[in-house]
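Computed from heavy atoms alone, side chains included, the values below leave out hydrogens, waters and symmetry copies. Below, chain A is the first sequence line, B the second, and so on; all start at residue 1.
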There are 2 protein chains.
Amino acid sequence: MSAISITGESTEMYLKSIVELEMLTAPPVAISHLAQRLGVSSPSVLEMVKRLAVQNLVTHTPYKGVSLTERGRRRAMAVLRRHRLWERFLVDALHLPWETVHDYACQLEHATAPAVTDALAAFLGNPTACPHGNPIPDAVGDVQPSVAVPLLELPVGQSARLAHIIYEEAILLEYLARRGLVPGARLMLEDIAPYQGPLMVRVDGSEHPAALGREIAARVFVLPD
Amino acid sequence: MSAISITGESTEMYLKSIVELEMLTAPPVAISHLAQRLGVSSPSVLEMVKRLAVQNLVTHTPYKGVSLTERGRRRAMAVLRRHRLWERFLVDALHLPWETVHDYACQLEHATAPAVTDALAAFLGNPTACPHGNPIPDAVGDVQPSVAVPLLELPVGQSARLAHIIYEEAILLEYLARRGLVPGARLMLEDIAPYQGPLMVRVDGSEHPAALGREIAARVFVLPD
DNA sequence: AAAGATAATTAGGATACCCTAATTTAAGGA
DNA sequence: TCCTTAAATTAGGGTATCCTAATTATCTTT
Ligand SMILES: [Mn+2]
Ligand SMILES: [Mn+2]
Ligand SMILES: [Mn+2]
Ligand SMILES: [Mn+2]
């Protein structure tokens with residue numbers, strides 16, 4: 001019975017998912033969204049959330065949702081840091097494909113001691129962003145805020161450069177990679193179909209324009225020219 | 001319900017511990033030895049062993065012990081391979097201390113997908129031994145046999161070179177590191193005290209001779225001159 | 001061969017996560 | 001205000017892994 005609470009893999013995934021959801025929708029985070037992200041049932045999430053609340057990692061407001069406590073946020077940022085450092089390693093050192101590293105890093109992130117994290121960061125030259133453009137929290141858990149805007153909010157006709165992709169997921173990353181939509185890519189929003197229709201995006205170097213649903217366009221952030 | 005049985009961390013540690021014990025004492029491996037190595041109770045081990053037997057990973061002979069099946073051995077070697085590759089990475093690339101990497105690798109070994117393992121091996125130049133001298137199984141699970149002998153069996157007065165240290169453990173590695181007993185070190189067995197007493201070993205570059213208990217001397221392998 | 005010591009096994013529980021099937025609550029529209 | 005619907009919660013289970021306290025088998029030693 002050690003006083004140092006060992007954060008297990010499950011706990012870490014819950015905390016990480018909560019920060020990720022906070023960047024997508026306004027807090028508090030809904031139980032059902034967490035359930036969807038984690039691929040477990042709502043009752044399971046609720047139960048786990050109660051456990052996390054007891055450990056002072058989250059606050060749960062019944063029928064409203066979940067928020068991270070300061071303690072919880074620190075833990076979550078630490079996981080995010082490890083995740084993104086590993087992604088950099090997998091791409092830069094091991095030369096694994098951009099779209100595949102997210103899942104691999106999701107395993108490694110829970111198996112990395114602090115000393116290893118620090119040494120890994122140094123080995124990589126203290127990078128500031130993951131291969132998908134998202135900022136790597138520093139050792140204290142701080143991130144520099146992004147000025148990029150969701151592609152969804154770009155005015156039609158505007159050209160921009162892809163900055164980062166949030167709420168990372170293998171399927172999404174594969175989809176985007178196949179269309180050349182990686183950080184740094186130059187693009188122009190050609191059109192937005194009405195009635196929640198897709199966005200037509202011209203990607204520099206691609207033959208045809210890409211059609212992106214709104215769900216996706218809300219996750220792709222760009223820097224307008 | 002996927003047909004591919006996902007080997008969990010616990011299962012992997014059991015399998016790895018069994019191969020490790022097989023190199024120290026003659027098979028089958030005793031339940032109590034496994035319990036000691038894993039830091040769990042004997043009833044827990046027995047229960048788990050039964051689960052492993054159902055999955056065709058081990059054979060259990062009541063009151064005798066456990067042996068790996070071919071399937072089990074392959075899995076175990078895969079874990080050992082990942083473990084030792086990570087150790088190399090942690091020492092060679094991250095420059096972490098020789099004595100500390102074993103524990104870190106013990107976490108990473110369970111979180112490494114096949115594609116990552118392969119890429120890591122390539123990145124490291126397909127090394128053939130871990131920092132503690134033990135052979136890294138190849139992608140198929142084969143290891144080249146060692147011709148080194150236990151220090152315990154060295155004749156008094158014989159000088160030799162340290163080859164590898166088996167049944168790795170943080171405490172042991174620290175102890176040995178502090179005395180300069182790392183692979184490649186030159187040494188001479190000065191004396192063996194009677195009545196299960198310690199071995200006096202002169203280590204090249206060290207002031208005083210080191211006194212090693214027999215437990216330890218059975219785990220340190222050397223190549224006589 | 002009987003006793004003692006040691007290891008293995010059985011019995012009975014606990015905890016962390018996860019699930020499905022109700023049931024209840026909250027929120028928005030009629 | 002009442003109704004509908006979606007989300008949240010409660011009820012009742014399940015599995016993997018671990019534990020302690022008996023009990024039993026095996027091996028050693030007298
Ligand atoms: Mn993960
Ligand atoms: Mn990423
Ligand atoms: Mn391990
Ligand atoms: Mn090693």
Side-chain angles (χ1 to χ4, degrees), chain A residues 1-18 21 24-67 72 75 79 106-107 110-111, chain B residues 1-18 21 24-67 72 75 79 106-107 110-111:
Chain A
M1 234 127 287
S2 60
I4 10 142
S5 84
I6 297 301
T7 311
E9 169 167 348
S10 195
T11 294
E12 292 190 342
M13 284 307 283
Y14 273 83
L15 297 177
K16 191 181 73 158
S17 300
I18 294 170
L21 275 160
L24 200 58
T25 63
V29 171
I31 297 286
S32 51
H33 290 168
L34 255 183
Q36 170 149 68
R37 176 65 165 173
L38 290 163
V40 298
S41 70
S42 282
S44 296
V45 170
L46 186 62
E47 191 182 36
M48 182 58 146
V49 159
K50 284 173 177 169
R51 268 193 295 269
L52 297 175
V54 167
Q55 295 176 260
N56 235 297
L57 294 167
V58 304
T59 305
H60 177 228
T61 313
Y63 295 102
K64 294 294 177 191
V66 196
S67 301
R75 295 271 184 101
V79 181
C106 192
Q107 296 186 252
H110 313 291
Chain B
M1 230 125 288
S2 60
I4 9 144
S5 83
I6 297 301
T7 311
E9 170 167 348
S10 194
T11 295
E12 291 190 342
M13 284 306 284
Y14 273 83
L15 296 177
K16 190 181 74 159
S17 299
I18 294 170
L21 275 159
L24 200 57
T25 63
V29 171
I31 297 287
S32 52
H33 289 169
L34 255 182
Q36 169 149 71
R37 176 64 165 174
L38 291 163
V40 298
S41 71
S42 282
S44 296
V45 170
L46 186 61
E47 193 180 35
M48 182 57 146
V49 159
K50 284 173 177 168
R51 269 193 295 270
L52 296 176
V54 168
Q55 295 175 260
N56 236 297
L57 293 167
V58 305
T59 305
H60 177 228
T61 313
Y63 294 102
K64 294 294 179 192
V66 198
S67 301
R75 295 270 183 102
V79 181
C106 192
Q107 296 184 252
H110 313 291

Practice problem: Provide the closest heavy-atom pair for A/Val29 versus A/Ile18 in the form atom of the first, atom of the second, distance. | Solution: CG2-O, 3.8 Å
Practice problem: Report which part of the nucleic acid A/Leu46 touches: base, sugar-phosphate, or nothing (heavy-atom distance under 4.0 Å, all strands). | Solution: base
Self-check item: Exercise: identify the closest heavy-atom pair between B/Gly65 and B/His60
Solution: O-CD2, 3.4 Å
Quiz item: Out of D/dT9, D/dC19, D/dT17, which nucleotide sits closest to the side chain of B/Met48?
Solution: D/dT17
Quiz prompt | Nearest-Å distance for atom pair CD/P, residues B/Gln36 and D/dC19 | solution = 14 Å
Exercise. Examine C/dC18: is either OP1 or OP2 under 4.0 Å from a nitrogen or oxygen in the side chain of A/Tyr14? Give yes or no.
Key: yes
Self-check item: Reported CE-to-NZ distance for the pair B/Met13 and B/Lys16, which is rounded to 0.5 angstrom
Solution: 4.5 Å
Practice problem: Report yes if the side chains of A/Val79 and A/Leu15 come closer than 4.5 Å at any heavy-atom pair, otherwise no. | Solution: no
Quiz item: For the pair made of CE in B/Met13 and P in D/dC18, what is the distance, rounded to whole Å?
Solution: 11 Å
Quiz item: Out of D/dA16, C/dC18, C/dA7, which nucleotide sits closest to the side chain of A/Glu47?
Solution: C/dC18
Quiz item: Picking from D/dA7, D/dT9, C/dT9, which would you name as closest to the side chain of A/His60?
Solution: D/dT9
Exercise. Measure from CG on A/Leu52 to C1' on C/dC17 and round the result to the nearest Å.
Key: 12 Å
Quiz item: In terms of heavy-atom contacts, does NE2 of A/His110 have more than 12 from other residues, nucleotides or ligands at under 6.0 Å?
Solution: yes
Quiz item: Which one, D/dA7, C/dA16, D/dC19, comes nearest to the side chain of A/Ser32?
Solution: D/dA7
Quiz item: Does a side-chain N or O from A/Lys50 land closer than 4.0 Å to OP1 or OP2 of C/dC17, or not?
Solution: no
Exercise. Return the value, rounded to whole Å, for the distance between atom CG of B/Leu57 and atom P of D/dA16.
Key: 14 Å
Side-chain atoms of residues 37-47 of chain B: list all donor-acceptor pairs with protein atoms under 3.5 Å, sequence neighbours left out, distances to 0.1 Å.
{"residue": "B/Arg37", "atom": "NE", "partner": "B/Glu20", "partner atom": "OE1", "Å": "3.3"}
{"residue": "B/Arg37", "atom": "NH1", "partner": "B/Glu168", "partner atom": "O", "Å": "3.1"}
{"residue": "B/Arg37", "atom": "NH2", "partner": "B/Glu20", "partner atom": "OE1", "Å": "3.0"}
{"residue": "B/Arg37", "atom": "NH2", "partner": "B/Glu168", "partner atom": "O", "Å": "2.9"}
{"residue": "B/Ser41", "atom": "OG", "partner": "B/Ser44", "partner atom": "N", "Å": "3.3"}
{"residue": "B/Ser41", "atom": "OG", "partner": "B/Ser44", "partner atom": "OG", "Å": "2.9"}

Practice problem: Rounded to the nearest angstrom, tell me the gap between atom NE2 in B/His33 and atom P in C/dT6. | Solution: 13 Å
Exercise. To the nearest Å, give me how far apart CZ (B/Arg51) and P (D/dT15) are.
Key: 12 Å
Quiz item: Nucleotide by nucleotide, 5' to 3', does protein get under 4.0 Å of the base (B), only the sugar-phosphate (S), or neither (-) in nucleotides 20-28 of chain C, counting heavy atoms?
Solution: BB---SSS-
Self-check item: Atom pair CD (B/Glu9) and SG (B/Cys106), whose distance is rounded to the nearest 0.5 Å
Solution: 7.5 Å
Quiz item: Nearest-Å distance, CG (B/Leu34) to P (D/dC18)?
Solution: 12 Å
Quiz item: For the pair made of CD in A/Glu9 and P in C/dA16, what is the distance, rounded to whole Å?
Solution: 17 Å
